[in-house]
There are 2 protein chains.
Amino acid sequence: MRADAQRNINSLLLAAASVFAKAGVDAPIRDIAQKAGVGVGTVYRHFPQRTDLIVAVFRREVDACADAASELAATCLPCDALSRWLMRYVDFIAAKRGLASALHSGDPAFDPLPAYFQARLEPALRALLATAVTAGAVRDGVDAFDLLQAVASLCTPARDGSTDHARRMVDLLVDGLRYGAKPKV
Amino acid sequence: MRADAQRNINSLLLAAASVFAKAGVDAPIRDIAQKAGVGVGTVYRHFPQRTDLIVAVFRREVDACADAASELAATCLPCDALSRWLMRYVDFIAAKRGLASALHSGDPAFDPLPAYFQARLEPALRALLATAVTAGAVRDGVDAFDLLQAVASLCTPARDGSTDHARRMVDLLVDGLRYGAKPKV
DNA sequence: ATACATACGGAACCTTGTTCCGTTTCGCAA
DNA sequence: TTGCGAAACGGAACAAGGTTCCGTATGTAT
């Protein structure tokens with residue numbers, strides 16, 4: 001692949017993420033192309049359909065969120081890493097409200113996304129949980145996927161952009177995890 | 001209101017219902033106008049926004065479903081009326097799958113619909129239930145709204161148009177209602 | 001240095017919602 | 001019955017956004 005193509009794909013994903021965040025996933029392609037400093041033809045060369053671009057942005061952000069897990073695991077105490085990552089996940093969910101409605105729009109282009117979502121995020125969280133459990137910081141027996149669903153549910157009440165409520169609830173959840181922990185002797 | 005206007009509104013609602021059923025609620029206005037034998041200008045005279053037409057169609061169909069309750073009550077035995085109406089309701093829900101996604105599209109034009117839905121259908125079902133209860137055909141203590149929700153949930157698995165599964169489940173539900181009945185002595 | 005495949009840009013096209021306005025029709029009153 | 005004004009009609013024209021096309025520019029391999 002030519003270097004300029006690679007560069008443009010990257011600019012497009014960056015620009016699209018920013019425009020989607022500001023104007024929702026219904027934002028005009030032309031706006032995104034302009035923000036990326038690129039012609040619409042280039043957009044369609046790399047993303048034949050509008051939905052392809054949306055899906056690509058989504059996947060990239062899921063990746064970023066999943067990757068944050070290993071970074072946090074490498075730099076924080078187990079329980080800190082877990083709680084920080086969940087906050088990161090809260091931000092991710094909150095930012096993707098517009099995308100959630102796209103998911104339920106019935107367009108089959110979005111069908112594979114939930115599976116990708118789970119495939120990337122569940123192992124990430126599972127690893128954080130496992131580390132925290134072996135460190136004796138949180139209890140055992142909590143399913144990673146359940147936790148992801150629960151946090152996502154906690155985020156839904158916040159119609160506006162505020163994640164304060166969700167963050168408080170997630171804090172509570174993490175305290176709950178700590179509750180039954182078996183501290184290392 | 002002029003007679004021709006009344007006629008056209010009616011044709012439009014009929015045409016829209018038919019087109020929506022065949023092509024979904026995203027069908028072009030022009031198609032509907034043509035099917036109604038009317039110009040687009042006329043559509044916009046009566047329904048200033050596309051969503052207004054969708055909402056009107058929806059309300060009319062909710063009305064039809066609700067009205068069916070009193071008709072059935074007048075012509076059937078209490079328990080028959082109840083079970084037939086629930087089947088009618090299954091058909092209604094199944095036909096409105098496209099509309100369901102419109103409801104969750106975030107467009108505020110659809111916000112008042114769920115309330116209308118409940119306002120028309122819950123009393124209708126409540127009356128059927130009450131009659132069946134006093135006739136000793138079904139048990140007491142079942143909430144009409146709960147039942148509406150339950151039946152709607154039972155319809156969701158059927159992605160395709162088939163309502164067979166939902167109908168079987170609703171039959172089961174009605175049998176459940178009969179189970180604890182106190183037959184008149 | 002050259003050639004050519006690849007990628008780029010953006011004008012043009014198509015579809016679809018919406019507006020506008022000249023024309024037609026209805027319903028009432030003389 | 002006829003005439004008139006308001007109401008309604010039809011559809012061309014506009015706006016906006018997705019998608020296509022193709023002449024031009026650019027990277028890369030020889």
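Chain letters run A, B, ... following the sequence lines, proteins first and then strands; every chain starts at 1. All values derive from a computational prediction rather than experimental measurement. These values consider heavy atoms only, across backbone and side chains, with no hydrogens, waters or symmetry-generated copies.
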Query - Verdict with reasoning, Arg2(A) to Asn8(A), per side chain to side chain donor-acceptor pair (under 3.5 Å) - result: CA-CA 10 Å; Arg2(A) 262 169 58 169; Asn8(A) 279 329; over 6 Å; no
**Report entry** Salt bridge Asp164(B)-Arg167(B), side-chain N to carboxylate O under 4.0 Å
**Finding:** no
Report summary line: In whole angstroms, the gap separating P of dA7(D) from CD of Gln6(B) amounts to 16 Å
Query - Degree of bending, the helix from dA1(C)-dT30(D) to dA30(C)-dT1(D) (end axes from five pairs; round to 10°) - result: 10°
Query raised in the report: Is Asn10(B) close to Arg60(B) at the side-chain level, that is, under 4.5 Å between some pair of heavy atoms?
Result: yes
Report task. Keeping the roles fixed (side chain from Trp85(A), backbone from Asp80(A)), state whether a donor-acceptor pair exists under 3.5 Å. Result -> no
Requested in this report: Respond yes when some side-chain nitrogen or oxygen of Thr42(B) is under 4.0 Å from OP1 or OP2 of dA8(D), and no when none is.
Outcome: no
Requested in this report: Go through residues 9-27 of chain B and report each residue with a non-hydrogen atom lying under 4.0 Å from DNA chain D, sorted by number.
Outcome: none
Query raised in the report: Would Arg178(B) and Asp175(B) pass as an ion pair if we require N to O under 4.0 Å?
Result: yes
Query raised in the report: How close or far is atom C1' of dG10(D) from atom NE2 of His46(B), stated in whole angstroms?
Result: 12 Å
Requested in this report: Send over the distance from Leu53(B) CG to dT18(C) C1', rounded to a whole Å.
Outcome: 14 Å
Query raised in the report: If each of Arg50(B) and Ala5(A) is mapped to the nucleotide of DNA chain C with the nearest heavy atom, which maps nearer the 5' terminus, i.e. the 5' end?
Result: Ala5(A)
Query raised in the report: Under 6.0 Å from the six-membered ring centre of Tyr179(B) and within 45° of its axis: does the NZ or CZ of Arg139(B) meet both?
Result: no
Report task. Round to the nearest Å and state the distance from Gln34(A) atom CD to dC8(C) atom P. Result -> 17 Å
Query raised in the report: So Ile9(A) and Phe47(A), side-chain contact (heavy atoms from CB on, under 4.5 Å) or not? Walk me through it.
Result: CA-CA 9 Å; Ile9(A) 288 178; Phe47(A) 306 98; 4.3 Å; yes
Query raised in the report: For the pair made of CZ in Arg30(A) and P in dA16(D), what is the distance, rounded to whole Å?
Result: 11 Å
Query raised in the report: Between Asp67(B) and Arg120(B), does at least one N-O distance fall below 4.0 Å, as a salt bridge requires?
Result: yes
Requested in this report: Report yes if some heavy atom in the side chain of Val57(B) is under 4.5 Å from a heavy atom in the side chain of Glu61(B); otherwise report no.
Outcome: yes
Query raised in the report: Can you give one letter per nucleotide of nucleotides 20-30 of chain D, going 5' to 3': B for a protein heavy atom under 4.0 Å from the base, S for sugar-phosphate only, - for none?
Result: B-----BSS--
Query raised in the report: When the ring planes of Phe117(A) and Phe58(A) are compared, do they come out parallel, tilted or perpendicular, using 30° and 60° as the limits?
Result: parallel
Query raised in the report: Under 3.5 Å, is there a donor-acceptor pair between the Tyr44(A) and Asp52(A) side chains?
Result: no
**Report entry** Integer-rounded Å distance: dG17(C) P and Phe47(B) CZ
**Finding:** 15 Å
